[in-house]
Amino acid sequence: MLDLKVIRNTPDVVRKALADRQDDPGKVDRLLALDSEFRQLQVRIDGLREERNRASKTIGAIKTGKAEGDVAVLQEDMRKLGDELKTLEERQKEIELERMDPAGGVLFTIPNIPHETVPVGPDESANVEVRRWGTVPTFSFGVHSHDEVGEGLGMLDLARATKLAGARFVLQIGPLARLERALYNLMLDLHTQHGYTEVMPPAIANEETLTANGNLPKFKDQLFKLEEWPYYLIPTAEVPLTNIRRGEILDAAELPMRMTAFTPCFRSEAGAAGRDTKGIIRVHQFDKVELVKVVHPDSSYDELESMVNDAERILQTLGLPYRVVALSTGDLGFNAAKTYDIEVWFPSQNKYREISSCSNCTDFQARRGQTRFREDGQIRFPHTLNGSGLAVGRCLAAILENYQREDGSVALPEALHPYMGGLTELRRA
RNA sequence: GGAGAGGUGGCCGAGCGGCUUAAGGCAACGGUUUGCUAAACCGUCGUAGGGGCUCUACCUCUACCGGGGGUUCGAAUCCCCCCCUCUCCGCCA
């Protein structure tokens, strides 16, 4: 959420941000109207409470013989005042819900303000490619999609995954199952070597946690909920990691916090029917190594650049060609002020596909979760960043495609050999 | 799952309808003293939202004692519901 004071003081900035995002700038004016009414009520309510507090104190003094007066008259007056107060309080509560309620208040429908360096544009067509790395491989034979390669090896069985759970689930067997483990071990090893603290969080989160992260209530239909429980399967480790210090005031010396975590991720993929139905690109359960930083506001954009580099390093280590794209205002996520996507090359689709998304959420998430830090007596909100480092399943799919050979076997990148117990290729048994 | 005991400021801990404006202590910060350190002494010392104003200051009000509701002129204190922690029992990877 944005700072209400920022919206009051610089409404034009927020209106422009909404317009750039193809959102409704009128939200600002609706919010300001509610805010004004709320504050007027606040003044009257506080005045009445003050009067009541005084009178109650007087009644107490009279009863203990420290003052003179008619208790009955005062009590009757305060009863009437109490009725009036109750009416005003109920009114204010209604306005408060419209203004600030996480489940639908106007403030919570206003997205983060894009950074000045974000390209302005209506949708993904306005995204800007920042750089490319690696050489796109050429094949002297007809390339196969990753699922064809995996099934050809006898190590990927999507039909039986469907029997076990349903469509959009994955079953890997033998060396391909081990490849999954090898990949996330490699990722965690590299990230921890570069200053990230490894974290193993719960894969289930409660409503408060998901609300603070912005997944609830807006994206409820993207989540798997546990029946009979107020719990959800996490859609990403970003959810628990950004909530670890929720509601706390940190010491400035604790910043920056850099964390990495491997978790399964669960997404309903509601609304994605028909998209990426083939293969394991878009599934209900996938593994991901996540990067999260909680940093001082002054350094957050530098931290974003280094986070992207940290994610890129994985692809470089694996020798997978990719490009980095800066998202435009129209494509930016709700929480993000700036986002880079990393897209890896998929030969069978003849295009780059997203394998990581790294965002600076500035103070937007921290404010929502009331994560703060104290510096020179001042209390401020830190900036939070999150990025995939990387999506393991998509990484595995990219290896199957980019390293496939004509005979159906797949070479393994050298960096993985130690993680595969010396195995240098995948070959049908 | 059953029985009991608890949740009060950064921490410890008193308070159990009005002398609380949440005592006292520890820690922290500023100062005095000191050759240095320590000690002692003095002061400051929660968060949030309003209002005033001569607007980085200052004055002032309100809310918050796990969360939510209720009783009352008045609730940390009484009542109801929920959450969490601890101890014991049961079950269990």
What does A:Leu74 touch in the nucleic acid at a heavy-atom separation under 4.0 angstrom: a base, only the sugar-phosphate, or nothing?
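Nothing: the residue A:Leu74, judged by heavy atoms under 4.0 Å, touches no strand.
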For the pair made of [atom1] in [X] and [atom2] in [N], what is the distance, rounded to whole Å?
| X | N | atom1 | atom2 | value |
| --- | --- | --- | --- | --- |
| A:Gln378 | B:U47 | CD | P | 11 Å |
| A:Ile59 | B:U72 | CD1 | C1' | 10 Å |
| A:Leu48 | B:G74 | CG | P | 13 Å |
| A:Gln92 | B:G49 | CD | C1' | 10 Å |
| A:Phe381 | B:A48 | CZ | P | 8 Å |
| A:Asp251 | B:G46 | CG | C1' | 16 Å |
| A:Trp229 | B:C82 | CH2 | P | 14 Å |
| A:Ile249 | B:A28 | CD1 | P | 19 Å |

Taking any strand in view, what nucleotide pairs with [N] in a Watson-Crick or G-U wobble way, both distances under 3.5 Å?
| N | answer |
| --- | --- |
| B:U32 | B:A40 |
| B:G90 | none |
| B:C19 | none |
| B:C11 | B:G25 |
| B:G74 | none |
| B:A48 | B:U62 |

Using 30° and 60° as the class limits, which term best fits the ring planes of A:Phe364 and A:Phe334: parallel, tilted or perpendicular?
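Geometry flag for A:Phe334 against A:Phe364: perpendicular rings.
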In whole Å, measure the gap between the [atom1] atoms of [N] and [M] for me.
| N | M | atom1 | value |
| --- | --- | --- | --- |
| B:G66 | B:U47 | C1' | 16 Å |
| B:G90 | B:C81 | C1' | 27 Å |
| B:G2 | B:U8 | C1' | 30 Å |
| B:G25 | B:C80 | C1' | 36 Å |
| B:C16 | B:G6 | C1' | 15 Å |
| B:A39 | B:G30 | P | 15 Å |
| B:A22 | B:G46 | C1' | 11 Å |
| B:C12 | B:G70 | C1' | 33 Å |

Which sits closer to the 5' end of RNA chain B, A:Gln370 or A:Gln75, going by the nucleotide each is nearest to?
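The answer here is A:Gln370.
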Residue whose closest nucleotide on RNA chain B lies nearer the 5' end, A:Lys93 versus A:Gly60
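By nearest-heavy-atom nucleotide position, the 5'-most residue is A:Gly60.
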Would you call B:C55 syn or anti, using the 90° rule around 0?
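Syn, since the glycosidic angle lies within 90° of 0.
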Which residue pairs pass the salt bridge (charged side-chain N to carboxylate O under 4.0 Å, His left out) test with at least one member in residues 197-226 of chain A, sequence neighbours excluded?
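Every candidate salt bridge (charged side-chain N to carboxylate O under 4.0 Å, His left out) pair involving residues 197-226 of chain A fails, so no pair, neighbours aside, qualifies.
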Across nucleotides 50-65 of chain B, 5' to 3', mark each nucleotide with B, S or - according to how protein heavy atoms within less than 4.0 Å reach it.
SS---------BSS--
Would you please say whether a donor-acceptor pair under 3.5 Å links the side chains of A:Thr242 and A:Gln365?
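A:Gln365 and A:Thr242 do not have a side-chain donor-acceptor pair below 3.5 Å.
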Could you verify whether a donor N or O on one side chain and an acceptor N or O on the other, from A:Asn215 and A:Gln222, lie under 3.5 Å apart?
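The answer is no; no qualifying pair exists.
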Under the side chain to side chain contact (heavy atoms under 4.5 Å, CB included) test against A:Arg99, which residue among A:Leu32, A:Val106, A:Leu107, A:Leu31 passes?
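The residue from A:Leu32, A:Val106, A:Leu107, A:Leu31 that satisfies side chain to side chain contact (heavy atoms under 4.5 Å, CB included) with A:Arg99 turns out to be A:Leu31.
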Is there a side-chain contact between A:Arg372 and the phosphate of B:U47, meaning an N or O under 4.0 Å from OP1 or OP2?
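No, A:Arg372 has no side-chain N/O under 4.0 Å of OP1/OP2 on B:U47.
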Below 4.0 Å: OP1/OP2 of B:U47 and any side-chain N or O of A:Arg374:
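Indeed, a polar side-chain atom of A:Arg374 lies that close.
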Give a yes or no answer on whether the side chain of A:Arg267 reaches the backbone of A:Thr236 with a donor-acceptor pair at less than 3.5 Å.
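No: the side chain of A:Arg267 does not pair with the backbone of A:Thr236.
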Report yes or no: does A:Gln370 contribute a side-chain atom to a donor-acceptor pair with the main-chain N or O of A:Arg367 at less than 3.5 Å?
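Confirmed, A:Gln370 side chain pairs with A:Arg367 backbone.
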Please report whether the ring centroid of A:Phe373 lies less than 6.0 Å from that of A:His296.
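Yes; A:Phe373 has its ring centre under 6.0 Å from that of A:His296.
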Counting side-chain heavy atoms from CB outward, which of B:U47, B:U71, B:C73 is closest to A:Lys86?
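Selected nucleotide: B:U71.
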Could you state the interatomic distance from CG (A:Asn243) to CZ (A:Arg368), rounded to the nearest 0.5 Å?
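Separation between the atoms: 10.5 Å.
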